[in-house]
Structure formats: structure tokens, C-alpha cells
There are 2 protein chains.
Amino acid sequence: MSLEQLKQRALSNPEVKTEYEQLEGEFKLIDQLITMRTDAGLTQAQLAEIMHTQKSNISRLERGNANPSWSTLTKYAQACGFELTLKPNKLSDHRR
Amino acid sequence: MSLEQLKQRALSNPEVKTEYEQLEGEFKLIDQLITMRTDAGLTQAQLAEIMHTQKSNISRLERGNANPSWSTLTKYAQACGFELTLKPNKLSDHRR
DNA sequence: TCGCTTGTTATCTTATATGATAACTGTCGG
DNA sequence: CCGACAGTTATCATATAAGATAACAAGCGA
């Protein structure tokens with residue numbers, strides 16, 4: 001199933017909307033991770049060595065079901081030559 | 001000891017520089033969290049309810065030694081009316 | 001002073017992220 | 001075909017984040 005299909009199905013059910021958004025955010029996160037690494041011109045194995053961990057763990061981060069801690073994210077970024085802050089974008093349709 | 005003093009002492013020892021930077025990043029993170037919550041005009045208890053958790057857990061996040069997972073960060077942000085992405089700032093003095 | 005609100009701290013339990021090792025796939029230049 | 005490289009997957013052990021409850025402290029208006 002494609003991401004687009006998943007999106008359609010998820011959004012058709014209002015209850016899972018936040019779950020989808022979570023999922024989408026996860027994809028974005030992974031994208032940003034991989035972008036940082038490739039920008040730095042590093043392979044997973046090289047990055048793993050800098051971070052004093054294993055390439056399999058890097059793959060796990062970049063592939064699936066990744067829910068890394070803040071410290072893991074900053075270590076990853078720093079190894080790629082980046083410092084990390086959050087970028088909170090205000091949701092226009094925010095209800096309370 | 002103030003943050004400034006801590007910074008000075010930490011930076012005087014090259015080996016702990018990254019540790020200090022982690023620490024500084026942690027402070028920045030906490031700042032951003034609290035800012036999001038106060039911007040949303042929420043108390044810890046209110047935010048906790050939205051996130052279906054306890055106010056003590058929110059306090060733990062905002063106070064000390066916080067190392068939240070990405071999903072916790074996004075839930076927190078979303079409850080405050082924000083969507084979250086990473087903002088990677090290139091480190092000018094990056095060596096390899 | 002007395003409640004009430006907001007936030008903090010301590011503690012336990014449970015869920016899960018991370019570290020580590022090994023085996024596997026696909027790709028590509030020789 | 002073969003070896004080297006890049007990435008993936010499975011699995012287990014261990015560290016730790018997160019859920020939950022309770023008690024406490026500070027501030028503040030009635």
C-alpha cells in the first residue's frame with residue numbers, strides 16, 4: 001500500500017487522524033535523518049562508528065518504526081555535523 | 001552554579017565539549033517545550049489531560065533530565081497546537 | 001487561616017528504545 | 001563468478017522512557 005493510499009484511508013476515519021499525522025511525522029523525521037546523513041556524505045556504517053554504535057542500529061532508525069529519544073537524535077545529528085532544535089509549526093485548525 | 005559557569009568549566013576541557021553541547025541542547029529543548037505550552041495557554045494539568053497522561057509526567061518532561069522520545073515530543077507539541085519538525089543547524093566547525 | 005491552583009518530587013511498574021552480534025540481500029566493479 | 005560494500009532483518013539482553021499514584025510546597029485570593 002502506498003503512502004497516499006494509507007493517507008486516504010486514515011483520513012476517512014476521523015478518529016485515526018492524529019495517528020496518521022503521527023505516522024506522517026515519522027516519515028518526515030526519517031527523511032530528515034537520512035538527508036542529514038547523506039548531506040554529510042556518510043554511510044550508515046561510518047555514521048555508526050562515529051556514534052559508537054552499530055550500523056544495524058542506524059538502519060533501524062532510518063527504516064522502520066523509529067521512535068528515537070532526543071539524545072539519540074542529537075547524537076545522530078551531531079555526528080552528521082548538525083546541531084538540533086525543534087521547529088514547531090502552528091497548526092491552523094487547532095481546536096480546544 | 002549558573003549555566004554560564006557550567007559552560008565555562010565544561011568548555012575548558014575539550015573532552016567534555018560534546019557533553020556540554022548535549023546539556024545545552026537539553027536546556028534548549030525544555031525551553032521550547034515550555035514555550036509551546038505557555039503559548040497555548042495551558043497548565044501542565046490541562047496539557048496532561050489532552051495527552052491522556054498525568055501532570056507529574058509533564059513536569060518531569062519540563063523539569064529535569066528529560067530525554068523524551070520523538071512520539072512524546074510530537075504528542076506534546078500537537079496538544080499545544082503545533083506540528084513538529086527538526087531544525088538541523090550546520091555546525092561550522094565540524095571536523096572529520 | 002483556609003481552600004484552591006499550579007507545579008514538583010518520589011516511587012513503582014510496564015513498555016520500549018538502544019546496544020550488540022550475526023546472517024542475509026542486492027549492487028557493482030574486477 | 002567473485003569479493004567488497006551498503007543496507008536490512010532477526011534476536012536477545014539491558015537500559016531507560018513513560019504510565020500511574022500519592023504526597024508535598026508555594027502562591028494567592030476569599
Side-chain angles (χ1 to χ4, degrees), chain A residues 1-3 18-19 21-23 25-82 84-86 96, chain B residues 1-3 18-19 21-23 25-82 84-86 96:
Chain A
M1 163 160 23
S2 74
L3 175 57
T18 60
E19 273 177 49
E21 280 162 3
Q22 207 97 319
L23 197 55
E26 195 182 286
F27 278 117
K28 270 194 267 192
L29 173 68
I30 293 177
D31 255 19
Q32 292 190 276
L33 290 180
I34 298 180
T35 300
M36 281 193 278
R37 179 170 64 81
T38 51
D39 270 18
L42 294 172
T43 66
Q44 289 184 347
Q46 291 173 321
L47 179 56
E49 192 182 356
I50 299 176
M51 290 175 66
H52 302 104
T53 184
Q54 272 60 43
K55 62 174 186 169
S56 57
N57 298 326
I58 305 295
S59 176
R60 179 171 52 191
L61 279 183
E62 294 181 0
R63 270 275 127 179
N65 303 339
N67 184 25
S69 68
W70 180 246
S71 85
T72 300
L73 291 174
T74 55
K75 279 179 208 158
Y76 184 110
Q78 186 161 321
C80 294
F82 295 92
L84 227 52
T85 54
L86 292 181
R96 175 149 331 112
Chain B
M1 166 156 25
S2 73
L3 176 56
T18 61
E19 274 179 47
E21 280 163 4
Q22 291 281 97
L23 197 55
E26 193 182 290
F27 278 117
K28 269 193 267 194
L29 173 67
I30 293 177
D31 255 19
Q32 291 189 278
L33 291 180
I34 297 181
T35 299
M36 280 192 282
R37 181 171 62 82
T38 51
D39 271 17
L42 294 173
T43 66
Q44 290 184 346
Q46 291 172 321
L47 179 55
E49 192 181 357
I50 299 175
M51 292 175 65
H52 302 105
T53 182
Q54 272 58 42
K55 62 175 185 166
S56 56
N57 298 326
I58 304 295
S59 176
R60 180 170 54 190
L61 278 183
E62 294 182 0
R63 269 273 126 181
N65 304 336
N67 185 25
S69 68
W70 180 246
S71 86
T72 300
L73 291 175
T74 54
K75 279 179 209 157
Y76 184 110
Q78 187 161 324
C80 293
F82 294 92
L84 228 49
T85 55
L86 292 181
R96 179 153 326 115

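Just so we're on the same page: letters track the sequence lines, and every chain starts at 1.
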Side-chain (N67(B)) to main-chain (S71(A)) donor-acceptor, under 3.5 angstrom: yes

Contact check, side chains of M36(B) and L84(B), non-hydrogen atoms, under 4.5 Å: yes

Rounded distance (Å) that lies between atom P of dA20(C) and atom CD of E49(A): 13 Å

Given DNA chain C, 5'-ward residue of the pair Q46(B) and L61(A), judged by closest heavy atom: Q46(B)

Residue pair I58(B) / M51(B), side-chain heavy-atom distance below 4.5 Å: yes

Atom CD of E62(A): over 12 foreign heavy atoms under 6.0 Å: yes

Whole-Å distance separating the CG atom of L73(A) from the C1' atom of dT18(C): 13 Å

Atom-pair distance (CZ on R37(A); P on dA6(D)), nearest Å: 10 Å

Options dA18(D), dT8(C), dT18(C), nucleotide nearest the side-chain atoms of S69(B): dA18(D)

Nucleotide dT8(D), atom P - distance to CD of E62(A) in whole Å: 7 Å

T38(A), L47(A), D39(A) screened by side chain to side chain contact (heavy atoms under 4.5 Å, CB included) with C80(A), the one that passes: L47(A)

Options dT18(C), dT8(D), dT6(C), nucleotide nearest the side-chain atoms of T43(B): dT6(C)

Whole-Å distance separating the CG atom of N67(B) from the P atom of dT16(D): 9 Å

Rounded interatomic separation in angstrom, taking CG from L42(A) and C1' from dC5(D): 15 Å

Nucleic acid footprint by protein, nucleotides 19-30 of chain D - heavy-atom cut-off 4.0 Å, B for base, S for sugar-phosphate alone: BBBB--------

Spacing of Q44(A) atom CD relative to dT25(C) atom P, expressed in whole Å: 18 Å

Check: T74(B) side chain, W70(B) main-chain N or O, donor-acceptor pair, under 3.5 Å: yes

Gap between atoms CD1 and C1', on I58(A) and dT9(D) respectively (whole Å): 15 Å

Pair Q32(A)-Y76(A), side-chain donor/acceptor within less than 3.5 Å: no

